[in-house]
Asker: 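Pasting a structure here, questions to come.
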Amino acid sequence: MTGERGTVLVTGFDPFDGYSVNPALLVATALHRRQVARCHIVGAELPTVFATALQRLDQLLARYRPVLVICLGLAAGRATLRLERVAINRDDARRPDNSGAQPTGQAVIDGAPSAYLSTLPLEAMQRAMTAAGVPTDTSQSAGSFVCNHVFFGLMHRLATNPELQGARGGFVHLPLLLGQGRPCMPLTQMVHGIRTGIRVALNIPHQTQAADDAHI
Ligand code: PCA
């Protein structure tokens, strides 16, 4: 099934760091095959592994040619959904990934820019998601573990791959799931928030986003 206006790719990572579930994967799975603003959502899993996460993302980008990509990850310790603003060209893992690798002080992509900004309309998304009853913040750092690695790799691909021209993308960190620890949020609320954010991103054209971000 294809949405009239194209495909939205939503990714979530597999569990890591001793957690038995990753809410990011649960949200991506819950949104899989749903429609938003006449777009079809594909929810997919990425491995929490530096060496293979971007290979998997490449397969998904080539297969679905999405108009919008939102990658999700877990960041324990916060009560809100966090719309990430900046991806940095740096891997600095403070713990091993799911393959046992722990890169430090390395570029995500040699020769690529130092950082990319999300091309999502963050302020408009934050307003709409908060108004929908889902506590949401913007964040100025996605860390330097696998989430930032994927966020940077995604933004580099969107900026340089002609086949993805016009597609927008970004990253959202999620809190722990209700029952997984504190602070936390119920799954239905996370899904509602991400779905609301997707609708806003699809309905705001690029030039409005530039104006929206200009006053940051
Ligand atoms: N969160 C980690 C990686 C996988 C995930 O869900 C991070 O914030 O980098």
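Order of listing sets the numbers, starting from 1, for every ligand and every atom in it.
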Asker: Can you list the atoms of ligand 1 that are under 4.0 Å from a heavy atom of Phe13?
Answerer: 4 (C), 5 (C), 6 (O)

Asker: Is a side-chain N or O of Asp92 found less than 3.5 angstrom from the main chain of Thr104, in a donor-acceptor match?
Answerer: no

Asker: Just wondering, do Met190 and Leu81 contact through their side chains at under 4.5 Å, heavy atoms?
Answerer: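 Leu81 reaches Met190 side chain to side chain.
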
Asker: Quick one: does His173 get a heavy atom under 4.0 Å from ligand 1?
Answerer: yes

Asker: For ligand 1, which atoms, with element, lie under 4.0 Å from some heavy atom of Thr48?
Answerer: 3 (C), 4 (C)

Asker: Within the structure, does Asn148 bring an N/O atom to less than 3.5 angstrom of an N/O atom in ligand 1?
Answerer: no

Asker: Below 3.5 angstrom, do we get any N/O pair linking Leu74 and ligand 1?
Answerer: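 N/O-N/O distance under 3.5 Å: yes.
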
Asker: Could you tell me whether the side chain of Asn98 and the main chain of Val49 form a donor-acceptor pair under 3.5 Å?
Answerer: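 Absent.
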
Asker: Using a heavy-atom cut-off of under 4.0 Å, does the side chain or the backbone of Asn22 touch ligand 1, or both, or neither?
Answerer: side chain

Asker: Let me see the working for Thr136 and Gln126 under side chain to side chain donor-acceptor pair (under 3.5 Å), right down to the final yes or no.
Answerer: CA-CA 6 Å; Thr136 305; Gln126 185 186 350; over 6 Å; no

Asker: Would Asn89 and Ser114 count as a side chain to side chain donor-acceptor pair (under 3.5 Å) here? Give the steps.
Answerer: CA-CA 5 Å; Asn89 192 6; Ser114 314; over 6 Å; no

Asker: Does Arg157 come within less than 4.0 Å of Glu163, counting only side-chain N to carboxylate O?
Answerer: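 Not counted as a salt bridge, because no side-chain N and carboxylate O are separated by less than 4.0 Å.
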
Asker: Give the residue and atom name of whichever protein heavy atom lies nearest to atom 3 (C) of ligand 1, and the separation in Å to one decimal.
Answerer: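 Looking only at protein heavy atoms, the one closest to atom 3 (C) of ligand 1 is Cys147 SG, 3.2 Å.
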
